[in-house]
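Reviewing the structure listed below.
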Amino acid sequence: MQRSDEYYMKAALKEAALALKADEVPIGCVLVDENGIIIAKAHNEKEEKNDVSAHAEILCIKKAGKKLKNWRLNNYTLYITLEPCLMCSSAIIQARIKRVVFGAKEPNTGSFGSHNDICELEATNIEVTCGVLEEECRLILQNFFKKHRNKK
């Protein structure tokens, strides 16, 4: 059963909350199939794994590939609380994900229109929707960084 973009973004926000609890930058992600089933979910784990590539999107794509025994994720939708960076955007293209939905824009590194637009750089037909539960997605990040800046 297909549900609303808000429903799936709330699932991504739950993943972001797990990252926050682990003192990671609170970004969450879920991958949904064409029937509306969540196939994989992940959150940032850069600190825990000491791995610069352990972004929510990369981890989610890896989990899905392993579960499905296929790196091609055609007809899937990826929900992310923050606009993907260039590394994650490239992985999304390589995985052939059909649709990307994100909450908050990332003006410094966002690669689906805010800082640059990967869709202009690559031959892709990815459908992009931005601003889903934008305020909630932005606030969890702002509160995290405010807390960390006050520690210094």
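Proximity of L68 to L73: side-chain heavy atoms (C-beta onward) are separated by under 4.5 Å at one or more points. Under the 4.5 Å side-chain criterion, counting only non-hydrogen atoms from C-beta, M9 is in contact with V101. Considering only heavy atoms from C-beta on, D5 stays 4.5 Å or farther from T77 through its side chain.
T81 places a side-chain N or O within donor-acceptor distance of the main-chain N or O of G28, the cut-off being under 3.5 Å. Remark: the backbone N or O of L13 is not paired with any side-chain donor or acceptor of Y79 at under 3.5 angstrom. Using modelled atom types, one side-chain atom of E24 and one backbone atom of K46 make a donor-acceptor pair closer than 3.5 Å. The main-chain N or O of P26 is never found under 3.5 Å from a side-chain atom of N44 such that the two would form a donor-acceptor pair. Under the 3.5 Å distance criterion, the side-chain polar atoms of N35 are left unmatched by any main-chain donor or acceptor of I37.
Qualifying ring-ring contact (aromatic ring centres under 6.0 Å, His included) partners for Y76, counting only residues two or more places apart in sequence or in other chains: none. Applying the side-chain hydrogen bond (donor to acceptor under 3.5 Å, both in side chains) test to H55 and every residue at least two apart in sequence or in another chain returns nothing. The side-chain contact (heavy atoms from CB on, under 4.5 Å) check on A11 picks up V30, I38, with sequence neighbours excluded.
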Check step by step if side-chain contact (heavy atoms from CB on, under 4.5 Å) holds for L31 and I61. CA-CA 8 Å; L31 184 74; I61 289 168; 5.8 Å; no
I would like to know whether S53 and M87 meet side-chain contact (heavy atoms from CB on, under 4.5 Å); could you show each step before the answer? CA-CA 8 Å; S53 70; M87 174 183 69; 4.1 Å; yes
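Taking each heavy atom of A40 and C60 in turn, the nearest pair found is O-SG, 3.4 Å. The shortest non-hydrogen separation linking L59 to A54 is CD1-O, 3.7 Å. Contact detail for E83 and E106: the closest heavy-atom pair is OE1-N, 3.0 Å.
Evaluation of the salt bridge (charged side-chain N to carboxylate O under 4.0 Å, His left out) test over residues 49-61, restricted to residues two or more places apart or in two chains, returns E45-K49. Residues in residues 59-75 take part in no side chain to side chain donor-acceptor pair (under 3.5 Å) pair, two or more places apart or across chains.
At a threshold of 4.5 Å between side-chain heavy atoms, the hydrophobic network of Ile, Leu, Val, Met, Phe, Trp and Tyr places V100 and I39 in one connected group. A chain of hydrophobic side-chain contacts below 4.5 Å, direct or via other Ile, Leu, Val, Met, Phe, Trp or Tyr residues, connects F102 to I97. V32 and Y7 fall within a single hydrophobic cluster, where Ile, Leu, Val, Met, Phe, Trp and Tyr side chains are chained together by heavy-atom contacts under 4.5 Å. One hydrophobic cluster, built from ILVMFWY side chains closer than 4.5 Å, holds both I80 and F144.
I58 contributes atom CD1, which lies 9.5 Å from atom SG of C29 (distance to the nearest 0.5 angstrom). How far NZ of K10 is from CZ of R3: 11.5 Å, rounded to the nearest 0.5 Å.
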Please list, one pair per line, the donor and acceptor atoms closer than 3.5 Å that link side chains of residues 126-140 to other protein atoms, with sequence neighbours excluded.
{"residue": "E127", "atom": "OE2", "partner": "R99", "partner atom": "NE", "Å": "3.2"}
{"residue": "T129", "atom": "OG1", "partner": "R99", "partner atom": "NH2", "Å": "3.2"}
{"residue": "R138", "atom": "NH1", "partner": "Q142", "partner atom": "OE1", "Å": "3.2"}

